[in-house]
Q: 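Structure incoming, see below.
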Amino acid sequence: MPEPPDRWKWFSESRFGLFIHWGPYAALGRGEQVLYREHLDQREYAEAACAWRPCSFDAERWADVARRAGVKYAVLTTRHHDGYCLWDSRHTDYTSAAQAAKRDFVKEFAEAFRAAGLRVGFYYSLGDWRIPGFWEGPGRNPEGWGIFRQYVHDQVRELLSNYGRVDVLWFDGAWPHTAEDWGAQEIIEMARGLQPEILINNRFGPSKEEPGMGEVNRSLKLGDFGTPEHEITADPNRLWESCQVSTWRLWGYTAGERWRGADVLLDTLCQSAHKGGNLLLNVGPDAEGHFPSKFVERALRIGRWLQSHGEAIYGTQGGDVTEFVTRGWQTVRDNCLYLIFRFWEGGRELRLADLMTSVCRATLLGSNQELEFAQEEGELILRGLPNQPPTDLFPVIRLECSGRPESNEWGKDRLWQGDP
């Protein structure tokens, strides 16, 4: 991966972001794509959307939860595939400002999160399920497509002009069209002109020039960062973040959804950092505008862990230095190697293979207990680990080294890799 410019280094230093999927679909409680997946009647859906009035929405409360959870930036769905807009758009009246809510939720979100010291991102769906021209595309309805595409460009300009500094622009919904169909290069140039330091994701649809046409929504060529979804796969060519749900499957509020445990969510964050990327963890607020209590409980538990162990996450780089996969994850920052334990044996000495750099000090984070150690070439023995895990989530050992932690040749190849 090329070294990112200074204006984007905040992204890697953050490692943890919050994704917020919210819109009138929350009132139905069956996910963000209920209109399309259940083939609902558009007129009935629109009537309910226009009547949606989430009186309990409080952006400052959202921002407070996000800050205490330890996230560093947040991305709000300003418009999802159903076409309903959470801001005061002059290009349509299908908005929260013009209809029953009478509020510009994007404005309130941006102001509250900035005030809390968090960076602000806008999600915008290129696709709009209400519009026949979107489905018919430039081949079958060139005039309708042209009108619709101009509408998309105008709304992106509006979002980047009226709400102060925007740090992230997160596109989605390009399917089934290509980046050229959308005029992606024009959008990027416009965005750069309005917000010179903005980070733009890769979901413009595949380019016609890309071999195999890339993935359904994602371009191999365009965008500043990759967006693996429901998986943690490093992008070797650019910055990346894994977007993940905090429930079992759906992004928008879903009544009765099962929730992943705090340990599973933290494991996802640690694995993302281990591989050199970010986690964008999703929450779907309910119809009234509340973060579900089960999400808040889990998020704050992770936040408490980050207060004492965050140095192993924030500002780190991928750290597959020693053979440690049987116990957990690793990250590196400067001359420190962090061992993040998913599994804790305790009461025994711990042997680490393949670390060639000399260790100067070993410390158990949280308690700041120093550990005894002995090191020979390619082998580190840690002693005096407590029998019980020192935290209810993941213990972390910080190894301070004489230089940047390095592996031997065996460690660089690793199991199932390289030349057998």
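Predicted model, so just to flag it, every value in this text is computed and none were measured.
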Q: Is the backbone N or O of S89 less than 3.5 Å from a side-chain atom of T95, with the two atoms forming a donor-acceptor pair by type?
A: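 Side chain of T95 to backbone of S89, a donor-acceptor pair under 3.5 Å: no, none is there.
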Q: Taking the six-membered ring of Y314 (Phe, Tyr or Trp), confirm whether the NZ or CZ of K72 is under 6.0 Å from its centre and within 45° of its axis.
A: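 Judged by the rule (NZ or CZ under 6.0 Å from the ring centre, within 45° of its axis), K72 counts as positioned above Y314.
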Q: Does any part of the side chain of F19, heavy atoms only, come nearer than 4.5 Å to the side chain of L76, both counted from C-beta?
A: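 In short, these two side chains do not touch, never coming nearer than 4.5 Å.
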Q: Counting C-beta onward and ignoring hydrogens, is there a side-chain heavy-atom pair between W135 and N141 closer than 4.5 Å?
A: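 Sidechains of N141 and W135: no contact.
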Q: Using only heavy-atom distances, determine whether the side chains of E241 and N278 contain a donor-acceptor pair under 3.5 Å.
A: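 Judged by distance alone, the side chains do not pair up.
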Q: Indicate yes or no: at least one non-hydrogen side-chain atom of R165 is less than 4.5 angstrom from one of E197.
A: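 Sidechains of E197 and R165: in contact.
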Q: Establish, yes or no, whether a centroid distance under 6.0 Å links the rings of W22 and F57.
A: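 Yes.
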Q: Applying side chain to side chain donor-acceptor pair (under 3.5 Å), run through N202 and W240 and close with a yes or a no.
A: CA-CA 10 Å; N202 64 337; W240 61 274; over 6 Å; no
Q: Check step by step if salt bridge (Lys or Arg N to Asp or Glu O under 4.0 Å) holds for E400 and R398.
A: CA-CA 6 Å; E400 299 174 44; R398 178 183 62 218; 3.3 Å; yes
Q: When you check the side-chain N and O atoms of S246 and R298, is any donor under 3.5 Å from an acceptor?
A: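 The criterion, which ignores hydrogens and geometry beyond distance, is not satisfied for R298 and S246.
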Q: Does the pair S125 and H81 meet the rule for a side chain to side chain donor-acceptor pair (under 3.5 Å), with working shown?
A: CA-CA 6 Å; S125 171; H81 312 327; 2.7 Å; yes
Q: Between D82 and Y45, is any side-chain donor less than 3.5 angstrom from a side-chain acceptor?
A: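 There is such a pair (donor and acceptor under 3.5 Å, judged by atom type) between the side chains of D82 and Y45.
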Q: Are L160 and M190 side-chain neighbours, meaning at least one heavy-atom pair lies under 4.5 Å?
A: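 When only atoms from C-beta onward are counted, M190 and L160 do not touch, as no gap falls below 4.5 Å.
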Q: Checking side-chain polar atoms at under 3.5 Å, does Y123 have a donor or acceptor matched by the opposite partner on H80?
A: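 H80 and Y123 do have a side-chain donor-acceptor pair below 3.5 Å.
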Q: Do E231 and P228 touch side chain to side chain, with heavy atoms closer than 4.5 Å?
A: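 Yes, their side chains come closer than 4.5 Å.
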Q: Whether the Q99 and Y94 side chains hold a donor-acceptor pair (N or O, under 3.5 Å, no angle test) is what I'd like checked.
A: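 Y94 and Q99 do not have a side-chain donor-acceptor pair below 3.5 Å.
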Q: Would you say D104 and Y163 are linked by a side-chain donor-acceptor pair, where the criterion is simply a distance under 3.5 Å?
A: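 Checked: Y163/D104 side chains pair up, N/O donor to acceptor below 3.5 Å.
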Q: Assert yes or no for the condition that the ring centre distance of W182 to W145 is strictly below 6.0 Å.
A: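 Yes - the distance between ring centres of W182 and W145 falls below the 6.0 Å cut-off.
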Q: Might you point out which heavy atoms bring L279 and S272 nearest each other, and give the distance in Å?
A: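 Minimum heavy-atom separation between L279 and S272: CB-OG, 4.0 Å.
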Q: Calculate, to the nearest 0.5 Å, the distance between atoms CZ and CD belonging to F122 and Q155 respectively.
A: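 One gets 12.5 Å once the value is rounded to the nearest 0.5 Å.
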Q: Return yes if some donor-acceptor pair links the side-chain N/O of Q317 with the main-chain N/O of T331 below 3.5 Å, else return no.
A: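 Not at all, since once roles are kept as given, no pair shorter than 3.5 Å links the two residues.
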Q: Do S207 and E180 pair up side chain to side chain, a donor and an acceptor below 3.5 Å, judged on atom types alone?
A: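 Side chains of S207 and E180: pair found under 3.5 Å.
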Q: Quick one: are H290 and R61 in side-chain contact, heavy atoms under 4.5 Å?
A: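 In contact.
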Q: State, without any angle test, whether Q271 and R342 hold a side-chain donor-acceptor pair at a distance under 3.5 Å.
A: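 No, no side-chain donor-acceptor contact under 3.5 Å.
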Q: E311 vs Y338, test: side chain to side chain donor-acceptor pair (under 3.5 Å). Steps then yes/no.
A: CA-CA 9 Å; E311 67 177 87; Y338 296 92; 2.7 Å; yes
Q: Backbone N or O of E257 within a donor-acceptor pair of the T254 side chain at under 3.5 Å?
A: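 Answer holds: no.
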Q: Rounded to the nearest 0.5 Å, how far does CG of L86 lie from CZ of R103?
A: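 Rounded to the nearest 0.5 Å, the CZ-CG separation comes to 11.5 Å.
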Q: Quick one: CG on L382 to CZ on F373, what's the gap to the nearest 0.5 Å?
A: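 Answer rounded to 0.5 Å: 8.0 Å.
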Q: Please step through ring-ring contact (aromatic ring centres under 6.0 Å, His included) for the pair W344 and F341, ending with a clear verdict.
A: CA-CA 6 Å; W344 184 262; F341 288 78; 4.9 Å; yes
Q: Before you tell me yes or no, could you show the steps for Q33 and W129 under side chain to side chain donor-acceptor pair (under 3.5 Å), namely the whole-Å CA-CA distance, both residues' side-chain angles and the distance that decides it to 0.1 Å?
A: CA-CA 10 Å; Q33 297 187 22; W129 288 336; over 6 Å; no
Q: Nearest 0.5 angstrom please: L266 CG to I340 CD1, how far?
A: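 Going from CG on L266 over to CD1 on I340, the span is 8.0 Å.
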